[in-house]
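Computed from a predicted model, the values in this text were never measured in an experiment. We use all heavy atoms of the structure for the numbers below, so side chains are in, but hydrogens, waters and symmetry mates are not.
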Amino acid sequence: MIKHISESLQLPMRNVENTIELLDEGCTIPFIARYRKERTGSLDEVQIAAISEMADKWREMEKRKETIIKTITEQGKMTPELEKRIAECDNAETLEDIYLPYKPKRRTKAQVAREQGLEPLAALIMLGREQRPDEAAKRFVKGEVKSAADAIQGAQYIIAEMVSEDERSRQTVRRQFERDAVITSKVVKAKADTEESAKYKDYFDWQEPLRRCPSHRMLAMRRGEAEGILRVSISTDDDECIERLKRNNVRCQGRCATLYREAVEDGYKRLLQPSIENEFAAHGKEKAEEEAIRVFADNLRQLLMSAPLGQKRVMGVDPGFRTGCKIVCLDAQGNLLHHEAIFPHPPVSKRSQAAATIEHLVEKYGIEAMAIGNGTASRETAAFMKSLHFKHEVKQFVVSEDGASVYSASKTAREEFPDEDVTVRGAVSIGRRLMDPLAELVKIDPKSIGVGQYQHDVDQSKLKKSLDLTVESCVNSVGVDLNTASQHLLTYVSGLGPTLAKNIVEYRRANGAFTSRSQLLKVPRLGAAAYLQCAGFLRISGAKNPLDNSAVHPESYKIVETMARDHKCTVTQLIADASLRKSIDLKRYVSEEVGIPTLTDIMNELEKPGRDPRNQIEEFEFAAGIESINDLSVGMVLPGIVTNITQFGAFVDIGVHQDGLVHISQLADKYVSNPGDVVKLHQHVTVKVTEVDTRRNRISLTMRGISHC
């Protein structure tokens with residue numbers, strides 16, 4: 001297994017072996033990547049995750065081998081050579097090919113023919129030793145075999161099945177599909193003119209090489225097929241496949257050769273071709289799903305790692321027309337201080353009253369920033385807020401509302417705000433997203449955040465696993481304040497999970513704020529193993545030991561204390577004095593367990609303890625006077641915010657309540673293979689309008705030839 005993974009990922013065997021050992025010991029991926037660099041050779045989270053996934057697949061294959069060996073042995077057909085081949089096989093596809101002739105199956109035509117005693121006749125035809133096989137077939141006429149023709153046909157069924165289950169034959173057809181397979185999509189005639197089929201119009205008569213079919217097109221066609229609107233097939237040059245199979249299998253002459261060739265053709269059309277088509281359809285969909293999941297995970301990572309405003313007093317605003325704008329005031333820790341509704345817009349239009357309310361609340365609660373949801377009435381509400389006059393500066397930010405309604409109706413929201421309705425909870429979520437997007441968005445099912453691509457069409461267990469790993473990676477990359485983090489956020493900290501997260505919150509509630517990391521060991525059920533995994537990712541602001549508010553792991557505190565003692569200073573002084581840190585010779589502190597990679601990380605952390613890896617937030621304004629799709633015209637150059645990234649391009653919010661699409665071909669003046677290489681989620685960009693389709697509510701944009709803000 002280690003050799004296979006090492007060769008596949010092009011990583012040193014020792015690093016792979018040590019990583020698997022750490023995973024088997026129960027270590028999390030973030031912990032291994034951050035605190036066990038000496039053992040892994042400084043592998044990053046992506047490499048460790050790949051090792052973990054391949055090890056899991058290998059172990060699944062080993063279990064499959066055990067089942068296969070047991071099944072064949074029970075049939076009395078196992079040989080030393082066959083068992084050796086199975087044991088040494090390192091490819092799941094090849095393993096199933098080896099097993100196929102022995103695999104229990106439904107009562108096939110070939111099986112019936114074998115029961116009728118026609119296997120010797122099949123062997124006779126394949127060997128070609130009988131000049132007149134039709135005459136020889138008469139010897140097999142008995143019971144259900146009524147004639148020589150029946151016997152010949154039964155023998156051909158056996159040959160056809162043997163060819164379809166032959167490893168070499170299957171590989172021959174696979175190679176042909178790999179080279180030349182074409183995916184074809186046709187509309188179901190009865191659905192051609194229906195309303196639900198309109199979105200699949202591009203695929204009513206579509207064809208392209210399978211190897212070039214991108215993930216989003218594959219998933220779109222498969223969705224259309226699942227909805228009964230499209231028929232999707234994968235095919236190759238059947239005639240060429242059949243000829244190759246005949247050349248590979250038929251070695252005899254005369255009448256036997258003719259019968260053999262007929263059986264080969266039947267085996268291909270009836271058994272082999274459908275089997276390989278299904279295989280490639282499954283592989284194609286799996287590959288498309290993997291790409292869609294990767295895109296989703298990349299987008300989610302960018303969203304979770306969005307720049308935070310930080311601990312500021314914030315007003316959260318959930319805009320609306322008829323129902324008004326829901327206003328909440330939050331303190332610097334995100335606690336709800338006040339809420340009410342204002343009605344500055346038609347049809348109520350109590351603008352002056354709304355203005356007086358906002359100005360009063362800003363002054364009373366010392367509001368430093370506003371978070372305005374980007375949904376209905378967002379532009380109008382932002383313009384209204386801009387028109388107001390405050391005694392101190394109040395910055396404005398437009399915040400994505402995606403998933404806010406899901407959160408507001410969730411169990412988590414009900415537990416946080418049992419006495420408030422969904423509108424208040426939604427506005428609180430908008431405000432908190434500005435303060436710390438990561439801490440708030442982890443409370444929402446990632447599929448509801450609006451940054452995916454065909455997320456409902458992919459394998460849901462694989463999607464959940466990938467997104468959970470992404471959330472876990474982001475949470476641990478940033479670090480978590482042990483005394484302010486919600487139970488939901490703590491759940492994703494390395495080594496914790498729901499039960500320990502709940503226990504931490506209950507302990508905090510009963511005993512007050514944590515003053516040291518070591519106090520974690522007093523939390524019920526949080527033992528030494530969990531402490532090892534989680535401690536380095538939890539921060540305690542104002543702790544007596546300054547290292548408790550850093551990413552330095554408690555197991556390394558002695559190293560820092562030794563450094564300070566050697567330089568006749570305290571740890572606090574060492575953190576504060578750059579010249580002291582520069583004078584440290586790291587080689588003096590290398591040991592069997594701790595090497596230069598860990599020591600370098602420690603020094604980087606001492607330079608800026610508990611640093612946040614996220615960028616600084618930037619203010620943004622949409623173009624004035626552009627508030628609906630009807631205000632757009634071709635050629636306009638506008639500021640925008642990237643809201644979603646897919647394989648085929650990026651969606652950009654330009655402030656008209658309908659995102660525009662920058663197709664992948666319009667993202668840059670050069671060729672782009674991956675949109676994520678050019679744009680990032682929530683990036684501020686400048687775009688030009690190239691097409692406006694008000695009937696279908698579609699906007700086409702370009703970023704080519706434009707300098708971006």
Side-chain angles (χ1 to χ4, degrees), residues 27-38 42 44-45 305 308 310-311 333 436 438-439 472-485 489-490 492-496 504 508 513-521 523 526 528 530-567 569-584 586 589-591 593-616:
C27 297
T28 67
I29 292 174
F31 175 81
I32 296 170
R34 184 74 174 83
Y35 297 114
R36 290 296 180 264
K37 290 183 177 178
E38 282 78 9
S42 297
D44 60 30
E45 287 191 17
M305 297 297 282
Q311 292 190 331
Q333 285 71 46
D436 190 339
L438 176 60
E472 182 184 38
S473 170
C474 293
V475 169
N476 291 288
S477 173
V478 172
V480 171
D481 188 316
L482 182 55
N483 287 319
T484 61
L489 184 60
L490 287 167
Y492 289 99
V493 172
S494 167
L496 293 184
I504 287 172
R508 192 172 67 194
F514 286 87
T515 57
S516 72
R517 280 172 168 167
S518 59
Q519 270 184 277
L520 283 163
L521 291 166
V523 174
L526 202 159
Y531 179 74
L532 178 70
Q533 297 296 310
C534 74
F537 302 103
L538 295 168
R539 312 277 187 268
I540 301 175
S541 180
K544 183 178 179 181
N545 187 338
L547 297 178
D548 280 348
N549 193 36
S550 74
V552 177
H553 197 282
E555 66 184 3
S556 297
Y557 283 9
K558 287 183 179 179
I559 298 171
V560 181
E561 290 162 0
T562 301
M563 289 176 177
R565 192 164 52 249
D566 290 348
H567 287 76
C569 67
T570 65
V571 170
T572 301
Q573 290 170 331
L574 190 63
I575 292 172
D577 193 333
S579 60
L580 276 174
R581 295 195 304 275
K582 283 181 181 178
S583 66
I584 294 174
L586 293 184
Y589 303 96
V590 172
S591 66
E593 293 79 24
V594 180
I596 292 297
T598 293
L599 293 169
T600 302
D601 282 348
I602 289 172
M603 296 309 296
N604 289 337
E605 193 60 27
L606 294 179
E607 184 181 336
K608 193 177 180 184
R611 65 191 181 282
D612 193 321
R614 295 173 290 183
N615 296 323
Q616 293 294 311

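Annotation: the span from Asp577 atom CG to His567 atom NE2 amounts to 10.0 Å, rounded to 0.5 Å. Ile602 CD1 to Ile596 CD1: the interatomic distance, rounded to the nearest 0.5 Å, is 10.5 Å. In this structure, Leu438 CG and Ser477 OG are separated by 9.0 Å, a value rounded to the nearest 0.5 Å. Separating the CZ atom in Arg517 from the CZ atom in Arg539 is a distance of 6.0 Å, to the nearest 0.5 Å. Expressed to the nearest 0.5 Å, how far CD1 of Ile584 lies from OH of Tyr589 amounts to 6.0 Å. We find the CG-CG distance between Asn604 and Leu599 to be 11.0 Å, quoted to the nearest 0.5 Å.
Looking at every heavy atom in both residues, Arg508 comes nearest to Ala485 through NH2-O, 2.9 Å. The two residues Pro30 and Glu45 make their nearest non-hydrogen contact at CA-OE2, 3.8 Å. Of all non-hydrogen atoms in Pro546 and Ile575, the two that sit nearest each other are CB-CD1, 3.8 Å. Between Gln519 and Ala513, the closest heavy-atom pair is OE1-O, 4.5 Å. The two residues Phe514 and Val523 make their nearest non-hydrogen contact at CZ-CG2, 3.9 Å. Of all non-hydrogen atoms in Phe31 and Ser494, the two that sit nearest each other are CB-OG, 3.8 Å.
In this structure a side-chain-to-backbone donor-acceptor pair under 3.5 Å is missing from Asp548 to Ser516. Without hydrogens or angle criteria, Asn476 side chain to Tyr492 main chain gives a donor-acceptor distance under 3.5 Å. Under the 3.5 Å distance criterion, the side-chain polar atoms of Glu605 are matched with a main-chain donor or acceptor of Ala551. With hydrogens and angles disregarded, no donor-acceptor distance shorter than 3.5 Å links the side chain of Gln533 to the backbone of Ala530. Between the side chain of Ser550 and the backbone N or O of Leu547 there is at least one donor-acceptor pair closer than 3.5 Å. Looking only at distances, a side-chain donor or acceptor of Ser591 sits under 3.5 Å from a matching main-chain atom of Val594.
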Problem set entry | Intermediate values then yes/no, side chain to side chain contact (heavy atoms under 4.5 Å, CB included), Cys27 and Arg36 | CA-CA 10 Å; Cys27 297; Arg36 290 296 180 264; 5.8 Å; no
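Screening Glu561, Arg565, Met603, Arg581 for a side-chain contact (heavy atoms from CB on, under 4.5 Å) involving Leu574 leaves a single residue, Arg581. Of the listed residues (Lys37, Glu593, Glu38, His553), just one forms a side-chain hydrogen bond (donor to acceptor under 3.5 Å, both in side chains) with Thr598, and that residue is Glu38. Applying the side-chain contact (heavy atoms from CB on, under 4.5 Å) test between Leu482 and each of Asn549, Thr515, Ile540 identifies Ile540 as the sole match.
Salt bridge status for Arg34 with Glu555: absent, with no side-chain N to carboxylate O gap under 4.0 Å. We find that Asp436 and Arg614 are joined by a salt bridge, their nearest charged nitrogen and carboxylate oxygen being less than 4.0 Å apart.
Two residues are said to be in side-chain contact when any heavy atoms from C-beta on lie closer than 4.5 Å; Ser541 and Asn483 fail this criterion.
Centroid-to-centroid, the aromatic rings of Tyr35 and Phe537 come within less than 6.0 Å.
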